[in-house]
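Lettering of chains follows the sequences in order, A, B, ..., and the numbering in each one begins at 1.
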There are 4 protein chains.
Amino acid sequence: MAIREKSKEKRNALLKSTLSLVNNNGFHDAPMSKIAKMANVSPATIYIYFENKRDLINQLYLELKISYTEQAFKAYSENMPVKKAFELIWYNIADYKLKQVEEAWFLSQCDNTTMIDEASRQEGLKHLQPLLDLWERGKKEGIIKNISPYILYAYAINSLVFLMNTQKRNLYQLDKKSLDQAFQAAWDSIRI
Amino acid sequence: MAIREKSKEKRNALLKSTLSLVNNNGFHDAPMSKIAKMANVSPATIYIYFENKRDLINQLYLELKISYTEQAFKAYSENMPVKKAFELIWYNIADYKLKQVEEAWFLSQCDNTTMIDEASRQEGLKHLQPLLDLWERGKKEGIIKNISPYILYAYAINSLVFLMNTQKRNLYQLDKKSLDQAFQAAWDSIRI
Amino acid sequence: MAIREKSKEKRNALLKSTLSLVNNNGFHDAPMSKIAKMANVSPATIYIYFENKRDLINQLYLELKISYTEQAFKAYSENMPVKKAFELIWYNIADYKLKQVEEAWFLSQCDNTTMIDEASRQEGLKHLQPLLDLWERGKKEGIIKNISPYILYAYAINSLVFLMNTQKRNLYQLDKKSLDQAFQAAWDSIRI
Amino acid sequence: MAIREKSKEKRNALLKSTLSLVNNNGFHDAPMSKIAKMANVSPATIYIYFENKRDLINQLYLELKISYTEQAFKAYSENMPVKKAFELIWYNIADYKLKQVEEAWFLSQCDNTTMIDEASRQEGLKHLQPLLDLWERGKKEGIIKNISPYILYAYAINSLVFLMNTQKRNLYQLDKKSLDQAFQAAWDSIRI
DNA sequence: CATGAATGAGCTTTCATTCAT
DNA sequence: TATGAATGAAAGCTCATTCAT
């Protein structure tokens, strides 16, 4: 049991240094040797926990994606009224993207790279199902526009990625007021 | 003295193969040797036209960004009515992102990478000024929400990147009808 | 935990092949790949033992310089009479330069190159101190000319480098008799 | 004629930049492209004047060697008394080595490198003949030690190279007095 | 499970030289 | 004669991964 714990620690340390190095240097220039050094293990040890570099990054991607969606649906229940529910989820996500910047930034780097397997992406998407269900309900109730969930997601949710980027680059900081404005824009874009 | 001159042709071939290789394999695994081979020149020739790999990629980024914005403002004139003008620009951009997929995809890969210098990014942004001016006018006329241009851009424009990605991944194809729906969402998100 | 340790053997093999290649081909045309091949290791292995090429060469320089001075003062003790002591040291050095030709030749190549750091040179010089001390004593005893140690070294010691070169180039071979003549010249140049 | 002159100018510019670059950076890191740039010509132009890099360096070596020996025998005539003659030549050489430091330093770099062809070396040596003749005369007159001219040269002349190095490295500066001391050492080493 | 040494393949970049004008 | 573009070959070095313990 103690050994298992220690192993988990090492695995986490590896994921953490990968996150940090990729964020700071990009997928290129995040070599296994540096990842190992940062996690205080030998390069060879990485291969005990992960098949190869691609696997390491994909596993990290998946873990983050899961923790992201977990947070997205925190306190959410399926019988909340549609707008209230969306509001809750939206602010949850905004919270994640604007506060857990490192994690969110890594995920956004993954959006447009060939490093992530299509399988991981599919798996990552699954966890968003409750949001899609909510929208389906909203459509039936005549509250949400009757359009593809991809469009809904692009406008209502994904726009936050751009705002996170501007914030991370110190171009623009979102305070409470502008966050509310962003929510209003999100809601306007999808509501009927 | 008549000597061989640096050929625009070779430079363009290099930029083109860079685009193609980065798109297919990512910034990692787009080695100079392959870029050279694909452009039918010697590896050493690249360094006549570009300082190094980073420079090559940044120059490509800038050229695409400029051609992108050129297309965005095609047929646009500053005295068009706000909504008409926005509609024109939006469809121009959609056209670019959904038809010139290769170029758009490359640009979206650049959004979240450390390969692009902050200077290049700034330079690339400059060319969007007319859109910001338009929004400013829209605000004065009471048509556009009085919120940060970053938020406006995130919702009205950047959402298209996500839709382009889904399309490129064959998850979802935008036909004329869904494109109009997307425009409606964009417009709803920023109009008062 | 028992793991493979950096082997002195490999390091020595690398230093040896460097010596040999630089001697035969010069600092230019002694590429890392050849050095590795000659030492029967992978090119990458060199970088486990040395930071880079410059470091490799500087370390080799220092090791040889140290072994050179060690031999120079073999059997020397500070309370020998000045002339006897000088004679001992001079013949020690002559022995080294004329018998360990490879090492001496490498060192003489280092005398006039920018490959060797000033720091390494300084470090290398340190070990000659006993000779300088001897000369100081000789001056006090009125045996050695009261002139700068640089001049003393230039005449009494460094002249051997030229003789080594002629020998290495097969222009002139020093037998016992001519060696004694050389010693006489050395001694005459510095004695009062 | 004018064209010939201009050509000579270019050739000299090339030799000069070679001298300067090799002195500052070593034989390694004195690339043809830099040499060309420094001489304000195209890299291709070098190959009009010189066969290849090796030839360029060997020609430079020879020119310097000749100018060196010319200066060595300035004002010398074969019927001067031996000591006076030697004194003249020695100070001529010292003058060259300590004042035309750049040229002397280049030559000393050539002493121990494989870049110089044996043929060039032989050719360079030839010009020293008058000194060897002088020593021969000195031996007959019972003034100079009856030993190999190689030994004589090593002590009487070549020691100056070491002193030049110390001076170039700012370890030791030779003033008039120490120069005279050096001459005394030189003379003592070879006189009977 | 864990390691530091070791590596072949491959990276970016540079070089001496030649080409085409 | 003189050029800047062009290049094949090779340089120094790094990397993901494996080996031996």
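Whole-Å rounding puts the A/D29 CG to E/dG10 P distance at 20 Å. The nearest whole Å value for the distance from the CD1 atom in D/I35 to the C1' atom in F/dG4 is 18 Å. Here F/dG8 presents its P atom at 11 Å from CG of B/N40, a figure rounded to the nearest Å. Between the NZ atom of D/K8 and the P atom of F/dT1 there is a distance of 15 Å, given to the nearest Å. When the P atom of E/dT13 is taken as reference, atom CZ of B/F50 falls 13 Å away, rounded to whole Å. One atom, CG of C/L21, and another, P of F/dA11, lie 11 Å apart when rounded to the nearest Å. Between A/L14 atom CG and F/dA16 atom P there is a gap of 14 Å when expressed in whole angstrom units.
The nucleotide E/dC11 finds its pairing partner in F/dG12, both defining distances of the Watson-Crick or G-U wobble pair being shorter than 3.5 Å. A 3.5 Å limit on both hydrogen-bonding distances identifies E/dA16 as the Watson-Crick or G-U partner of F/dT7. Both distances falling under 3.5 Å, in either a Watson-Crick or a G-U wobble arrangement, place F/dT21 opposite E/dA2.
B/R121 contributes atom CZ, which lies 7.5 Å from atom SG of B/C110 (distance to the nearest 0.5 angstrom).
For the residue pair C/N23 and D/T114, the shortest heavy atom distance occurs at O-CG2, 4.0 Å. Among all heavy-atom pairs drawn from C/N58 and C/D117, the shortest one is OD1-N, 2.9 Å. Smallest separation of non-hydrogen atoms from A/L60 and A/L19: CD2-N, 3.7 Å.
The side chain of B/P31 lies closest to E/dC11, out of F/dT14, F/dA2, E/dC11. Proximity note for B/I48 (side chain, C-beta onward) versus E/dT12, E/dG8, F/dA5: the nearest is F/dA5. Closest contact between the side chain of D/K53 and the listed nucleotides E/dT17, F/dC13, E/dA6 involves E/dT17.
A sub-4.0 Å separation between OP1 or OP2 of F/dA6 and a side-chain N or O of B/K10 is present. A close approach under 4.0 Å does occur between a side-chain nitrogen or oxygen of D/T45 and OP1 or OP2 of F/dT3.
Judged by distance alone, the side chain of B/Y61 and the main-chain N or O of B/G124 form no donor-acceptor pair under 3.5 Å.
Where A/S33 and A/A44 meet DNA chain F, the nucleotide closest to each residue was compared, and A/S33 sits on the side nearer the 5' end. Residue order along DNA chain F, read from the 5' end via each residue's closest nucleotide, puts B/I46 first among C/M32 and B/I46.
At a threshold of 4.0 angstrom between heavy atoms, the contacts of C/Y49 are confined to the sugar-phosphate backbone, with no base atom among them.
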